[in-house]
Amino acid sequence: MHALKKNRPLRRIVLASAATVSGMVLLLSLKPHTTPTAALAVPAPSSSSSASGGSGGTGGSSGTGGSSGSGGSTTTGTKTVTGSTIQTRWGPVQVKITIKSGKLTDVTAVQYPTDNPRDQEINSYALPQLRSEALQAQSAGIDTVSGATYTSDGYRQSLQSALDSAGS
C-alpha cells in the first residue's frame, strides 16, 4: 500500500508540515544582496601650503570609516593632495592628485582593494580607466566602470575630497 493513501491522513499532515518547515528554513537562510552604506567622507580642513615648503597634516579616522586626506605640497604652481580614504564593501580606496596651474595633471590610486586575485583583476582594468576619465573630465564627474562599481564609487568620492581640499 502506498504511504500517502487516504487512510493515513496524519502521515500526510506530518510530511506536508515537514516540507513546509524545510522550505521556510531554506528561504530564510538565503542572503539577499544588500547595498552597502557608503562611508561618509568628512573633508579635511583646507591647509594651504606656502610656496617655500610643503606641509602636510593627516587626520585620524572618523566614526564613519573615512579618514581625512593629507594636505599636499606646493612647488611653483604644482599642488599634490591626497583625498580621503573611502571604505567600500571590498576595501579602502584613496587617491592622490596633482594640480599644476589649476589643471588636474595626475591622479594616482594610493589605496585600493587587493585582498584577493579577483580584486587585483578588477582593479588592473578599472583604475587606469578611472584615471583616464578623471584627467579628461578634470573633475570627479566620471562614469562608473562596469564590474568595479564599489571601487568606482570610492574612487569618485576620494577624488572629490582631494579636489575640495585642493580648492579646485
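Atom CD1 of Ile13 and atom CZ of Arg11 lie 12.5 Å apart (nearest 0.5 Å). Taken to the nearest 0.5 Å, the CZ atom of Arg131 stands 13.5 Å off from the CD atom of Gln129. With rounding to the nearest 0.5 Å, the separation of OG in Ser146 from OH in Tyr125 is 6.5 Å.
Between the side chain of Asn116 and the backbone N or O of Asp119, at least one donor-acceptor pair lies under 3.5 Å. Between the side chain of Asn123 and the backbone N or O of Thr114, no donor-acceptor pair lies under 3.5 Å. Counting only distance, with no hydrogens or angles, the side chain of Ser132 and the backbone of Pro128 share no donor-acceptor pair below 3.5 Å. At least one donor-acceptor pair closer than 3.5 Å links the side chain of Thr105 to the backbone N or O of Thr98. Within the 3.5 Å criterion, the main-chain N or O of Ser84 finds a donor-acceptor partner in the side chain of Ser158. The main-chain N or O of Val145 is found under 3.5 Å from a side-chain atom of Ser152 such that the two form a donor-acceptor pair. Judged purely by atom type and a 3.5 angstrom limit, Ser161 has no side-chain atom pairing as donor or acceptor with the backbone of Gln157. At least one donor-acceptor pair closer than 3.5 Å links the side chain of Glu133 to the backbone N or O of Asp143.
Following chains of ILVMFWY side-chain contacts shorter than 4.5 Å, one can reach Leu130 starting from Leu135, so the two form part of one hydrophobic cluster.
For the side chain to side chain contact (heavy atoms under 4.5 Å, CB included) with Ile99, the qualifying choice from Val81, Leu163, Asp106 is Leu163, the only one to do so. Of the candidates Thr144, Ile86, Val93, Thr144 is the only one forming a side chain to side chain contact (heavy atoms under 4.5 Å, CB included) with Asp153.
Between Ala134 and Leu159 the shortest heavy-atom distance is CB-CD2, 3.6 Å.
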Which is it for Thr151 and Thr88 under the side-chain contact (heavy atoms from CB on, under 4.5 Å) test, yes or no, and what are the steps along the way? CA-CA 7 Å; Thr151 299; Thr88 68; 5.6 Å; no
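Using a 4.5 Å heavy-atom cutoff, the side chains of Trp90 and Ile122 are not in contact.
Between Gln160 and Asp164, the side chains place a donor N or O and an acceptor N or O closer than 3.5 Å (distance only, hydrogens not considered).
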